[in-house]
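Residue numbering restarts at 1 for every chain, and letters A, B, ... go by the order of the sequence lines.
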Amino acid sequence: MHPREVNEAFFRLPTLDLAQRLLGKELTLNGVGGYIVEVEAYIGPHDRAAHSYGGRRTPRTEVMFGPPGRAYVYVIHGHHCLNVVSGEEGAPEAILVRALEPTRGIKQMIERRGRTDHLTDGPGKLCQALGITRQHNGWDLLTSPLRISDGMTVETVAVGTRIGIDYAGEARDYPWRFWIDGNPHVSRPRRALRTFRLG
DNA sequence: ACTTTGATGGCCT
DNA sequence: GGCCATCAAAGTT
């Protein structure tokens with residue numbers, strides 16, 4: 001049994017705690033999906049890499065200012081990315097889901113991806129595999145067809161810096177990327193800054 | 001109305 | 001490691 005079950009209180013955990021606890025949980029859309037194996041925390045308004053940096057509030061970032069536990073979906077370079085809104089209501093924080101270990105509906109994922117490998121080892125890839133688009137922005141991840149539920153037990157968490165934010169000044173060095181140590185579905189394997197046991 | 005940007009992916013060497 | 005297609009969103013005029 002996972003140490004913490006997914007419920008309303010789960011999504012109210014502080015963002016960095018929630019990010020670690022999301023590892024091993026199962027993400028599905030209409031029953032298709034897998035275990036979360038890699039995430040990154042974005043903690044606006046002081047995080048220069050966050051879309052909500054400086055308190056920027058636009059139609060795109062609006063959902064992050066709402067209650068935690070909802071989906072924030074955006075498009076970058078023509079690819080969709082899924083975040084879990086986190087933090088207190090009014091605090092624009094979110095956790096990017098970067099990779100899954102496929103568990104359910106693999107046949108459908110293969111059809112959507114047009115290949116049999118690398119189905120969900122990246123934030124854009126997993127959205128394509130599950131069929132996640134901007135229409136799912138704001139959906140409740142506890143009760144909607146796009147949901148996060150109890151998954152598998154995680155032994156060791158690896159910590160590193162976030163991917164693709166070299167423009168973000170000192171924020172590029174924040175250790176806010178978390179993945180399941182040794183998992184083969186991680187998007188960009190790198191050596192961890194450190195590892196720890198999830199208590 | 002126009003220009004710049006970027007939390008990517010796929011393929012290359 | 002690098003290159004670049006790609007396009008919605010945001011910023012600028």
Would you mind building the protein contact string for nucleotides 1-13 of chain C? One character per nucleotide, 5' to 3', B for base within reach (heavy atoms under 4.0 Å), S for sugar-phosphate only, - for untouched. S----BS-SSS--

Centre of A:Tyr42's six-membered ring, under 6.0 Å away, within 45 degrees of the axis: is that where NZ or CZ of A:Arg162 sits? yes

Does any residue of residues 41-49 of chain A have a heavy atom under 4.0 Å from DNA chain B, and if so, which ones, in number order? A:Tyr42, A:Ala49

Sorted by number, residues from residues 101-109 of chain A placing a heavy atom under 4.0 Å from DNA chain B are none

Is the closest side-chain heavy-atom distance between A:Asn183 and A:Tyr35 below 4.5 Å? no

Of all the heavy-atom pairs spanning A:Ile110 and A:Thr116, show the shortest one and how long it is. CG2-CG2, 3.9 Å

In the structure I gave you, are the side-chain heavy atoms of A:Val6 and A:Ser149 within less than 4.5 Å of one another anywhere? no

Starting at atom CG of A:Leu126, determine the distance to atom P of B:dT8, rounded to an integer number of angstrom. 12 Å

Just by distance, do the side chain of A:Asp181 and the backbone of A:Ala158 share a donor-acceptor pair under 3.5 Å? no

Could you report the tightest heavy-atom contact between A:Leu82 and A:Leu96, atom names first, then the distance? O-CD1, 3.5 Å

Students often get this wrong, so: under 4.0 angstrom with heavy atoms, is A:His118 touching a base, only sugar-phosphate, or nothing? nothing

Counting heavy atoms not belonging to A:Glu8, are there more than 12 under 6.0 Å from its CD? no

Secondary-structure stems, DNA chain B, at least 3 Watson-Crick or G-U base pairs under 3.5 Å: B:1-6 with C:7-12, B:8-12 with C:1-5

Spacing of A:Asp166 atom CG relative to B:dT8 atom C1', expressed in whole Å: 14 Å

Hey, are the side chains of A:Thr28 and A:Leu130 touching, using non-hydrogen atoms and a 4.5 Å cut-off? no

NZ of A:Lys125 versus P of B:dC11: gap in Å, rounded? 10 Å

Are side-chain heavy atoms of A:Gln20 and A:Val159 found at a separation under 4.5 Å? no

Decide yes or no for A:Ile76 and A:Cys81: does some side-chain heavy atom of the first lie under 4.5 Å from some side-chain heavy atom of the second? yes

Any side-chain heavy atom of A:Ile148 within less than 4.5 Å of one from A:Phe11? yes

Specify the closest pair of heavy atoms between A:Val97 and A:Val39, including all atoms of both residues, with the distance to one decimal. CA-CG1, 4.4 Å

For the residue pair A:His136 and A:Trp139, does the interplanar ring angle fall in the parallel (under 30°), tilted (30 to 60°) or perpendicular (over 60°) class? perpendicular

Note: A:Asp121-A:Lys125 ion pair, threshold 4.0 Å (strictly below): yes

5'-most contact on DNA chain B (nearest-nucleotide basis), A:Ser52 vs A:Arg113, goes to A:Ser52

Within residues 83-94 of chain A, find the residues that approach DNA chain B with a heavy atom at under 4.0 Å, and present them sorted by residue number. A:Asn83

Taken in chain and number order and not counting sequence neighbours, the residues that satisfy side chain to side chain contact (heavy atoms under 4.5 Å, CB included) with A:Gln108 are A:Val32, A:Arg112

Whole angstrom value for the distance that separates P of B:dG6 from NE2 of A:His51: 9 Å

Tell me the interatomic distance from A:Glu40, atom CD, to B:dG6, atom P, rounded to whole angstroms. 16 Å

So, applying salt bridge (Lys or Arg N to Asp or Glu O under 4.0 Å) with A:Glu38, which one of A:Arg190, A:Arg188, A:Arg98 is it? A:Arg98

